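These notes concern the structure reproduced below.
Heavy-atom basis, side chains included; hydrogens, waters and symmetry copies ignored. Labels below follow one simple rule: chain letters A, B, ... track the order of the sequence lines, proteins then strands, and each chain is numbered from 1. Small disclaimer: the values here were computed from a predicted structure and weren't measured.
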Number of protein chains: 2
Amino acid sequence: MDVLRPDCPSRVVMQRIGERWSMFVILALAHGPLRFTALKARVGVVTSKVLTETLRALEADGLVSRRAYDESPPRVEYELTPLGVSLLEPMAAMRAWAEAHVPEVLASRERHLDALDAVHG
Amino acid sequence: MDVLRPDCPSRVVMQRIGERWSMFVILALAHGPLRFTALKARVGVVTSKVLTETLRALEADGLVSRRAYDESPPRVEYELTPLGVSLLEPMAAMRAWAEAHVPEVLASRERHLDALDAVHG
DNA sequence: CAGTATCCAGTCTGATACTG
DNA sequence: CAGTATCAGACTGGATACTG
């Protein structure tokens, strides 16, 4: 099982996916390019700084492309690359699972908290 | 698109998956229960403390079960719950993608580093 | 509009040492 | 064997203010 080796490159990918906003940005771009502010609005509560960092990282990984138009006011569009698009499929599987099983997970967490309460008064 | 709302429960699941060791522990348990030390050896470089934390979190989420036998020396077995097992399928999709596309991602990162070098000397 | 600059609190992770 | 306790460093995410 390669993925379990500490030096396995798959770690790298999973860690990128796992970062706070990566997935949400990718999903937000799933239906076409978006400008910075539109993306920010879609993703929700993220700050400009963090969104920028996320985009730079996704760009470095070749998942997202950035295109700046030489206009005033400035216009920048972010878009999924083909590689980024190819990631949508496994992500959809994850999302489907999450949406189907979130109630179970949350219920389990509740029970766990109740158990802690019972111990500590 | 529900998953993009800040209060969407899917975030919760994705964040758990994204944590440093969660995925590796789940994959390590994919083929049956393991004792703490065996799990530690399989996962690789993780410390006891961090592995314990990861296991507690997965337990709270109902993905992993912990069973302690009343023996000496102590014996504890960790095993995927049915919920945990159900997660293997979407995870396999992710892993397949990662293994297929890691070279592209790494190459992209290289290029990006080269570009930075060119700028900064 | 699309960011950058600064600063900071909290989290994550790990090393190390110890225990029933 | 299966952890817990303690400490410390790196990293993350975010608040706030500012800019071409």
- [ ] When you get a sec, tell me which of C:dA2, D:dT4, D:dG14 is the closest nucleotide to the side chain of A:R20?
- [x]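 Comparing C:dA2, D:dT4, D:dG14 against the side chain of A:R20, the answer is D:dG14.
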Measure the distance from [atom1] on [X] to [atom2] on [N] and round it to the nearest whole Å.
{"X": "B:F24", "N": "C:dT13", "atom1": "CZ", "atom2": "C1'", "value": "15 Å"}
{"X": "A:E71", "N": "C:dG3", "atom1": "CD", "atom2": "P", "value": "13 Å"}
{"X": "A:L39", "N": "C:dC1", "atom1": "CG", "atom2": "C1'", "value": "14 Å"}
{"X": "A:Q15", "N": "C:dC12", "atom1": "CD", "atom2": "P", "value": "14 Å"}
{"X": "A:R42", "N": "C:dA2", "atom1": "CZ", "atom2": "C1'", "value": "19 Å"}
{"X": "A:L55", "N": "C:dG3", "atom1": "CG", "atom2": "P", "value": "8 Å"}
{"X": "A:E19", "N": "D:dT12", "atom1": "CD", "atom2": "C1'", "value": "9 Å"}
{"X": "A:L51", "N": "D:dG14", "atom1": "CG", "atom2": "P", "value": "11 Å"}

[X] side chain N/O closer than 4.0 Å to the phosphate oxygens (OP1, OP2) of [N]?
{"X": "B:R75", "N": "D:dA2", "answer": "no"}
{"X": "A:W21", "N": "D:dG14", "answer": "yes"}
{"X": "A:R56", "N": "C:dT4", "answer": "yes"}
{"X": "A:R66", "N": "C:dG3", "answer": "yes"}
{"X": "A:T47", "N": "D:dA15", "answer": "no"}

Which part of the nucleic acid, if any, lies within reach of [X] when heavy atoms closer than 4.0 Å are counted: base, sugar-phosphate only, or nothing?
{"X": "B:Y78", "answer": "sugar-phosphate"}
{"X": "A:V50", "answer": "base"}
{"X": "B:S48", "answer": "base"}

Open item on the list: Which label fits B:W97 and B:H101: parallel for a plane angle under 30°, tilted from 30 to 60°, or perpendicular past 60°?
Closed with: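 The arrangement is tilted - the two ring planes meet at 30° to 60°.
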Open item on the list: Tell me whether the count of non-hydrogen atoms from other residues, nucleotides or ligands lying under 6.0 Å of CD in A:Q15 goes above 12.
Closed with: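 Yes, CD of A:Q15 has more than 12 neighbouring heavy atoms, counting only those of other groups under 6.0 Å.
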Task: side chain to side chain contact (heavy atoms under 4.5 Å, CB included) partner of B:L80, the single match among B:L87, B:L29, B:V25 - done: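 Filter result, single survivor: B:L29.
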Open item on the list: So if I apply the side chain to side chain contact (heavy atoms under 4.5 Å, CB included) rule between A:S22 and each of A:T54, A:V64, A:I17, which one comes out positive?
Closed with: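 So the option named by the test is A:T54.
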- [ ] For B:L39 and B:L34, work out which heavy atoms get closest and say how close.
- [x]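 Reported closest heavy-atom pair: CD1-CD1, 4.0 Å.
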TODO: Under a 3.5 Å limit for both distances, which nucleotide forms a Watson-Crick or G-U wobble pair with C:dT19, could you say?
DONE: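 Result: D:dA2.
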Task: DNA chain C: 5'-proximal contact among A:P74 and A:K49 (nearest heavy atom) - done: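 First, find each residue's nearest nucleotide; the 5'-ward one identifies A:P74.
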